[in-house]
Amino acid sequence: MPPFNPKKTPCTIDGSARDAPPPSPQWSAQAIGILGAAQAPRHSLDTSVMSSAPFVRIAELPAHAGQTVVIRAWVTHLRSSGKIAFAVLRDGTGICQSVFVKSQVPAEVWARFAELTTETSVEITGEARAEPRAPGGVEVGVTDLTVIGPSPSDYPIQPKEHGIDFLLDNRHFWLRSARQRAIAVIRNEVEQGIHDYFYERGFLRVDTPILTAAIGERSGLFATEYFEEGNAYLAQTGQLYGEAAAAAFGKIYTFGPTFRAEKSKTRRHLTEFWMIEPEVAWNDSNDNMRLQEDFVSYLVQRVLERRTTELAELERDVEKLRNIVPPFPRLNYTDAVALVQRKGSDTKWGDDLGAEDEALIVADYDKPVFVFNYPKEAKAFYMKENPDDPRTVLCDDLLAPEGYGEIIGGSQREDDYDKLVARLAEEGLQRDAYEWYLDLRRYGTFTHAGFGLGLERTVAWICGIQHVREVIAFPRLMHRLTP
RNA sequence: UCCCCAGUAGCUCAGUUGGUCAGAGCAUCCGACUGUUAAUCGGAGGGUCGUAGGUUCAAGUCCUACCUGGGGAGCCA
């Protein structure tokens, strides 16, 4: 990962001048048309008088070259040169330049242009035409202009550098910038890829509860009152429920928000993040790692194939992503400790690997790296004891390249009832909250394995974005609950 | 919880050993310009220097405390 500059984040309103998004299922003309019909302007003028021209999204403009069209959008930039003027418009599908020529528009239209400000929402009517001088290669020669929603001149976001705190305070506006759209599109591609990957392989998606009793990870819990039941806690994982579902349905995955009340202030942490947790009956730890590398590779290659425009907008070095194909290197924990010790770390066998150790390991590879079979003490109670070395458990962490850290934690699950009970006791966990979980080993226990993939860390890595807060629309951080 | 860093105009910042130190660029407003691309050019407005104390003839500058935020550690995905 490149050096992190916390102070400056480039943010241009119309930086995507060079691109219009490629046609794709998400932006199909039909879907856009339907969406458009449902989104008439709130208090437009009498549009029936204005024109019978079709309302089109900017992404569809090239297909309408030579036709008169209506566009509804936001003003991102204004330029005026006496008797000719330009307004760059953004509608979420792309950007387009509109041209006003004083001698060719009614005086009232010319006057209305003078009132435009950044982020005014407008409806324009005019002829779409190919124009090499226009960003995106298509522009609209305006014949009519309606202001739909004026925008005061103190709109905070400028096509300049802003500090991260300012941008997060204005996240609801920051989302309008070209980079943020590119990130959102790639996140959406990853999410859709996740669903497609598992659907096509016969996995069942199971939605697990967000309000839970106190089970799961050891780290911080968000508590809330729950009727007469005392406290409920926001879920830190859906895994234990996923294990129950795997016994019922075979191959399952969960996909939902999870919550950690950890006072972590790093570029890898959110208090609310999205996690994908497959759980597969009859998979052992090796099967688990094979699934992980295949899954992660699929997601990366899918974004490479379908979102080249957005990756270019983000200036992502795609060569580094092309390497991401199975198999991934695998280091067992003991070898990993030896490796980091050779590189100067004072980590000893038995310690968990710290962030510095992970960086030392990843530095040798251009793919994600598995580190597997950690000491029992470093890992959670539900991980299966390694029959070949009972000091360790059958688990794996997948470390992303370029310093993005752990994107997956996975394990084969302890399926031996007695050992699981013993581990619960060792961890000092209240057994009564886990009785239903122990039942999975009482009634037809089974080999199974699963993992959790952190969506934001994965998307940040694929996008080349240095902080997870930028790859979720409205991040929840230790010091940030709004917007 | 611990370590480091920062708070000066709407935004991003400069401000030297304390002494024309209230500044720049952008944004905004006014004016000029018929092909602009973060347009350009001319002009204008805009700040209790995070808060509270203290040192001093004099504090944006030095000291103390506090507040707010950022980066990292731990924890984790």
Side-chain angles (χ1 to χ4, degrees), chain A residues 3-15 17-18 76-88 95 97-104 110 114 117-118 131-136 139 141 152-170 216-220 236-239 257-277 351-359 378-380 397-400 404-410 451-461 466-469 477-480:
Chain A
F4 191 42
N5 181 344
K7 300 293 283 189
K8 294 181 182 175
T9 305
C11 173
T12 60
I13 296 172
D14 57 354
R18 54 190 173 276
T76 70
H77 215 91
L78 294 160
R79 286 185 285 271
S80 168
S81 184
K83 298 188 175 70
I84 185 168
F86 304 86
V88 180
I95 69 147
Q97 171 171 285
S98 60
V99 186
F100 297 72
V101 178
K102 188 177 185 182
S103 60
Q104 294 172 19
W110 185 254
T117 55
T118 299
E131 170 52 68
R133 287 171 293 186
E139 68 178 18
S153 62
D154 57 356
Y155 182 76
I157 307 275
Q158 298 171 32
K160 281 284 181 181
E161 285 177 333
H162 293 292
I164 187 61
D165 198 41
F166 177 83
L167 286 170
L168 288 174
D169 283 343
N170 290 281
E217 309 287 334
R218 285 168 287 187
S219 50
Q236 296 180 317
T237 170
Q239 179 199 314
T258 51
F259 307 87
R260 304 278 167 90
E262 297 159 354
K263 293 187 175 179
S264 302
K265 299 200 301 181
T266 83
R267 70 184 90 169
R268 301 182 305 281
H269 287 88
L270 297 166
T271 54
E272 175 180 310
F273 66 98
W274 288 66
M275 189 154 63
I276 294 84
E277 297 182 282
D351 297 339
D352 202 358
L353 299 175
E356 282 181 35
D357 292 328
E358 291 184 357
K379 291 294 176 183
D397 286 352
L398 182 62
L399 310 178
Y404 283 88
E406 183 183 341
I407 56 172
I408 284 179
F451 62 91
L453 175 124
L455 181 65
E456 285 78 14
R457 288 184 185 179
T458 303
V459 173
W461 163 50
Q466 296 183 339
H467 200 304
V468 289
R469 67 188 163 205
L477 300 156
M478 189 176 152
H479 292 297
R480 186 168 294 280

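The chains referred to below are lettered A, B, ... by the order of the sequence lines, with proteins before strands, and numbering in each begins at 1.
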Practice task
Check every atom of B/G72, B/U36, B/G70 against the side chain of A/Q97 and return the nucleotide holding the closest atom.
Solution key: B/U36
Handout entry: Short side-chain N/O contact to B/G74 OP1/OP2 from A/R260, under 4.0 Å
Key = no
Practice task
Indicate whether A/F86 forms a stack on B/G35; treat it as stacked only if centroid distance is below 5.5 angstrom and interplanar angle below 30 degrees.
Solution key: no
Handout entry: Residue-phosphate contact under 4.0 Å: A/R268 side-chain N/O, B/A73 OP1/OP2
Key = yes
Practice task
Identify which nucleotide among B/G70, B/U34, B/G35 has an atom closest to any side-chain atom of A/S103, counting heavy atoms from C-beta outward.
Solution key: B/U34
Handout entry: Spacing of the P atoms in B/C63 and B/U55 (rounded, Å)
Key = 16 Å
Completion exercise
Of the listed B/G35, B/U1, B/G72, the closest approach to the A/K263 side chain comes from B/U1
Practice task
Please tell me which of the listed nucleotides, B/A27, B/A77, B/U34, lies nearest to the side chain of A/Q158?
Solution key: B/A27
Handout entry: Nearest-nucleotide pick for A/T266, side chain only, options being B/G74, B/C29, B/C33
Key = B/G74
Problem - side-chain N/O A/H269 vs B/C76 OP1/OP2, d < 4.0 Å - result: no
Exercise for the section: Ignoring backbone atoms, establish whether A/H467 has a side-chain N or O less than 4.0 Å from OP1 or OP2 of B/G71. Expected result: yes
Exercise for the section: Would you mind telling me which residue lines up with the more 5' stretch of RNA chain B, A/K102 or A/S153, judged by nearest nucleotide? Expected result: A/S153
Handout entry: Spacing of the P atoms in B/A6 and B/A24 (rounded, Å)
Key = 25 Å
Problem - Whole-Å P distance, B/A9 and B/A14 - result: 12 Å
Handout entry: Gap in Å between the two P atoms, one belonging to B/A58 and one to B/C2, rounded
Key = 37 Å
Exercise for the section: Go through the N and O atoms of the side chain of A/S264 and the base of B/C75, and report whether any donor-acceptor pair is under 3.5 Å. Expected result: yes
Practice task
Report the nucleotide, chosen from B/C33, B/U1, B/G69, that has the shortest atom-to-atom distance to any side-chain atom of A/S80.
Solution key: B/C33
